[in-house]
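Take a look at the structure below.
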Amino acid sequence: MVLVDLKLQTAQYTSTNQIPFNRPAPVGNEIAYLEDAIRRGHLAGDGSFTHKCNALIAERTGANKALLTHSCTAALEMAALLCDLGPGDEVVMPSFTFVSTANAVVLRGAVPVFVDIDPDSLNVDPSRVAAAMGPRTKAVFAVHYAGFPADMDALAQITVPAGCLLVEDAAQALGSLYKGRPSGSLGDMATFSFHETKNVVSGEGGALTIMRPDLYDRAEIIREKGTNRSRFFRGQVDKYTWVDVGSSYLPSELIAAFLYAQLENLDMITSRRLALFDRYMEAFAPLERAGRLSRTKIPDDTTGNGHIFYLLLRDLEDRTDFITHMRNRGIVTPFHYVPLHDSPAGQRYGRTSGSMDVTQRISQTQVRLPLFHDLGPQIDDVINTALDYFARTA
Ligand SMILES: *Cc1c(COP(=O)(O)O)cnc(C)c1O
């Protein structure tokens with residue numbers, strides 16, 4: 001039975017010479033597994049593909065348990081529930097992150113306390129975290145920016161004595177290492193994204209990984225609408241019922257089928273991206289030596305996964321001119337993040353601890369270059385077009 005007859009080679013560019021910032025690519029058995037899932041006649045969550053994904057994610061992250069979710073946003077909401085956050089509680093996190101890190105906390109009525117990042121790693125600065133800790137701090141959410149793990153040992157030295165939970169927002173970090181240990185097993189819990197802009201994709205998708213055994217049962221319950229359905233399916237209870245708060249955080253088997261084909265190819269995906277990352281690093285080294293820009297810095301003790309390559313330019317004007325130059329030549333080079341602490345919702349729901357100088361500066365000078373699975377030789381067009389900008393504005 002052939003349900004789909006798609007050319008799995010990538011969609012060709014329709015318009016001339018446009019190089020997008022990202023393009024998700026099938027890499028293996030996606031279509032075959034989708035057909036298989038459909039043939040099995042089980043399309044809801046927690047079927048065989050979900051179980052296979054859970055097992056593979058646990059294996060590859062070194063986590064004790066992994067649960068697929070429909071997004072990293074959902075996994076962060078689960079983590080906030082598992083931290084038992086409530087009104088008045090505080091969670092320390094970087095301001096330089098995606099909104100979901102903070103929303104998960106705000107949805108529980110708790111307060112995100114934004115701190116500055118380290119200028120080299122762009123990850124949360126442990127000394128700023130230490131200074132932000134107080135009697136209401138219940139957790140620290142550390143983001144692994146660009147896939148490079150935050151300094152988790154330094155953070156654990158702060159959270160463990162304080163009795164706080166340490167959560168990795170590892171949305172970008174599948175396959176990266178800290179002191180040889182994989183992201184996803186570096187804190188009490190971690191959250192991953194399989195959104196189409198990440199390394200391993202299923203359109204929308206995510207996972208929660210857990211290290212602490214005392215959180216397993218409640219995680220399953222929260223994910224299954226507050227019921228003990230997972231225990232029922234394992235035969236541990238003879239009927240299932242509503243036992244706690246929860247929501248529907250599990251993806252369909254169709255998502256899991258697609259995702260499994262991607263996860264099987266994690267090493268290939270990572271090495272392809274690292275090759276592109278290295279090519280950028282090499283191409284921009286002379287300009288860094290000349291003091292014209294800074295390249296992505298690889299933090300000590302980490303091995304990246306080629307998720308993002310960014311440049312830091314002189315100032316906001318330089319960055320704006322660069323983006324315009326690239327766009328006029330058909331190349332999309334976006335920036336992020338607009339800092340959360342001074343966004344309208346960030347001001348309403350959160351507060352800051354300490355100065356935000358690094359966050360402010362990086363958010364005005366950083367730009368990301370296209371980096372996706374089948375960018376291929378077009379990386380040379382990106383590099384040459386960028387070098388042309390720097391030659392003109394030396
Ligand atoms: C992408 C991302 C998210 C959100 O992931 P979704 O799967 O789209 O919900 C959260 N945090 C960070 C740091 C991200 O990069």
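Just follow the structure's listing: the first ligand is 1, and inside any ligand the first atom is 1.
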Can you give me a line-by-line list of nitrogen or oxygen pairs between ligand 1 and the protein shorter than 3.5 Å?
unit_1	atom_1	unit_2	atom_2	d
ligand 1	5 (O)	S193	OG	3.3
ligand 1	7 (O)	C72	N	2.8
ligand 1	7 (O)	S193	OG	2.7
ligand 1	9 (O)	C72	N	3.3
ligand 1	9 (O)	T73	N	2.8
ligand 1	9 (O)	T73	OG1	2.5
ligand 1	11 (N)	D169	OD1	3.3
ligand 1	11 (N)	D169	OD2	2.9
ligand 1	15 (O)	Q172	NE2	2.9
ligand 1	15 (O)	K198	NZ	3.3

Within 45° of the axis and under 6.0 Å from the centre of the six-membered ring of F335, does NZ or CZ of R319 qualify?
yes
Under 3.5 Å, which donor-acceptor pairs do the side chains of residues 136-150 form with other protein atoms, sequence neighbours left out?
unit_1	atom_1	unit_2	atom_2	d
T137	OG1	G134	N	2.7
T137	OG1	G134	O	3.1
K138	NZ	D84	O	2.9
K138	NZ	D89	OD2	3.4
H144	ND1	A150	N	3.0
H144	NE2	E168	OE1	2.8
Y145	OH	H336	NE2	2.7
Y145	OH	Q366	NE2	2.5

What pairs of donor and acceptor atoms, side-chain ones from residues 347-358 against any protein atom, are under 3.5 angstrom apart with sequence neighbours left out?
unit_1	atom_1	unit_2	atom_2	d
R351	NE	E90	OE2	3.3
R351	NH2	E90	OE1	3.0
R351	NH2	E90	OE2	3.1

Hey, is D381 close enough to R329 for a salt bridge, meaning N to O under 4.0 Å?
no
Which class fits the ring pair F232 and Y240: parallel under 30°, tilted 30 to 60°, perpendicular over 60°?
tilted
So which pairs with a foot in residues 182-213 pass ring pair (Phe, Tyr, Trp, His ring centres under 6.0 Å), sequence neighbours left out?
none
